[in-house]
*Asks:* 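For reference, the structure I am asking about is given below.
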Amino acid sequence: MFFLKDLPTQDMLRGYQARFTEMDAPTVEAALKLLRRASLLLRALETYFAEHGLSQTRFLILVLLDRDPTVDGLSATEISEKLDISKPIVTNTLKALAREGFIRVTDNEEDRRARWITLTRKGRARLQALLPGYFETIQTFMAED
């Protein structure tokens, strides 16, 4: 999250640029605006997920398991590699999703040390119910300026 609401003015940024000559004020201004917008979008999505009893991490794991129709599942390691989240958090989230019946965790026949993660019908239905509102939240946010 980016918590700065009161972004520096162009005059402030030019003042910094005068002191730090390697700084490009327009680039920094654009980056700060982008960070602020992204933070607001993340908050909107977190609110949406919370209203539906889910976290962003749980949602992202369900999406990873659903997004490629040619893949029947993923290993926990593959899920960790595809997310910018620590392995312990992924592991705990997978356990919670399994307890709730959204995913199935089975032995991986190719690697006995690994676990195979697949969506259950309940998980797929949950995701399908969430996606329209997820896309609507993004579209509404992007239409605002």
Side-chain angles (χ1 to χ4, degrees), residues 1-106 108 111 114-145:
M1 286 287 192
F2 183 75
F3 297 107
L4 186 61
K5 289 171 67 173
D6 184 17
L7 297 180
T9 65
Q10 289 181 347
D11 287 340
M12 288 177 192
L13 291 172
R14 280 193 291 274
Y16 280 119
Q17 187 172 357
R19 291 173 31 207
F20 305 100
T21 56
E22 68 278 0
M23 177 196 156
D24 179 59
T27 300
V28 171
E29 180 182 27
L32 291 173
K33 287 180 179 179
L34 181 63
L35 285 168
R36 181 68 187 145
R37 290 282 295 156
S39 184
L40 293 172
L41 177 56
L42 281 172
R43 285 188 189 157
L45 291 171
E46 287 176 353
T47 298
Y48 176 74
F49 295 137
E51 289 170 353
H52 293 87
L54 216 58
S55 68
Q56 182 180 170
T57 303
R58 289 179 184 197
F59 174 79
L60 290 173
I61 289 172
L62 295 177
V63 167
L64 283 175
L65 293 168
D66 181 68
R67 71 181 184 179
D68 186 350
T70 65
V71 176
D72 190 33
L74 296 168
S75 70
T77 300
E78 289 172 317
I79 292 170
S80 291
E81 290 171 353
K82 293 177 185 292
L83 296 175
D84 190 14
I85 301 170
S86 72
K87 286 182 181 183
I89 290 175
V90 170
T91 299
N92 289 336
T93 305
L94 290 172
K95 288 177 184 176
L97 287 168
R99 274 193 310 272
E100 294 170 16
F102 294 135
I103 63 170
R104 182 175 298 107
V105 180
T106 57
N108 185 335
D111 181 354
R115 299 282 189 208
W116 192 245
I117 316 298
T118 56
L119 272 177
T120 61
R121 280 193 186 126
K122 180 179 178 181
R124 194 169 310 281
R126 180 80 160 130
L127 181 61
Q128 297 310 310
L130 285 169
L131 283 172
Y134 171 77
F135 293 129
E136 181 182 345
T137 300
I138 291 172
Q139 288 173 208
T140 300
F141 180 85
M142 294 305 291
E144 298 170 358
D145 200 12

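We count residues from 1, following the sequence as given. The model shown is predicted, which means the values in this text are computed figures rather than measured ones.
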*Asks:* Keeping to residues at least two apart or across chains, list the ring pair (Phe, Tyr, Trp, His ring centres under 6.0 Å) pairs with something in residues 55-105.
*Replies:*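 Applying ring pair (Phe, Tyr, Trp, His ring centres under 6.0 Å) to every pair that reaches into residues 55-105, excluding sequence neighbours, yields Phe49-Phe59, Phe59-Tyr134.
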*Asks:* Working to the nearest 0.5 Å, report the span between CG of Leu13 and CE of Met23.
*Replies:*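 The distance works out to 4.5 Å.
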*Asks:* Rounded at 0.5 Å granularity, tell me how far CG in Leu35 sits from CG in Leu4.
*Replies:*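 Rounded to the nearest 0.5 Å, the CG-CG separation comes to 9.5 Å.
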*Asks:* Which value, rounded to the nearest 0.5 Å, describes the distance between Thr9 atom OG1 and Glu29 atom CD?
*Replies:*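 These two atoms lie 8.5 Å from each other.
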*Asks:* Within this structure, what is the CG-CZ distance for the pair Leu127 and Arg67, rounded to the nearest 0.5 Å?
*Replies:*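 That separation rounds to 12.0 Å.
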*Asks:* Could you check if a side-chain atom of Glu144 sits within less than 4.5 angstrom of a side-chain atom of Leu40, using non-hydrogen atoms only?
*Replies:*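 No. Closest side-chain heavy atoms not under 4.5 Å.
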*Asks:* Is there a side-chain contact between Gln56 and Leu45, using heavy atoms and a 4.5 Å cut-off?
*Replies:*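 A side-chain contact under 4.5 Å is absent here.
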*Asks:* Which distance, rounded to the nearest 0.5 Å, do you find between the OG1 of Thr118 and the CZ of Arg104?
*Replies:*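 Atom-to-atom, Thr118:OG1 and Arg104:CZ are 5.0 Å apart.
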*Asks:* Side chains of Arg58 and Leu62: closer than 4.5 Å at any heavy-atom pair?
*Replies:*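 The answer is no, as the side chains (C-beta and beyond) never meet within the 4.5 Å cut-off.
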*Asks:* Quick one: pull up OG in Ser80 and CD1 in Ile85 and give me the separation to the nearest 0.5 Å.
*Replies:*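 Those atoms lie 8.5 Å apart.
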*Asks:* How would you list all residue pairs meeting salt bridge (charged side-chain N to carboxylate O under 4.0 Å, His left out) that involve residues 122-142, not counting sequence neighbours?
*Replies:*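 Listed by first then second residue: Asp66-Arg124.
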*Asks:* Going by atom type alone, with no hydrogens or angles, which donor-acceptor pairs under 3.5 Å involve a side-chain atom of residues 89-97 and a protein atom two or more places apart or on another chain?
*Replies:*
residue, atom, partner, partner atom, Å
Thr91, OG1, Lys87, O, 3.0
Asn92, ND2, Pro88, O, 3.3
Thr93, OG1, Ile89, O, 2.7

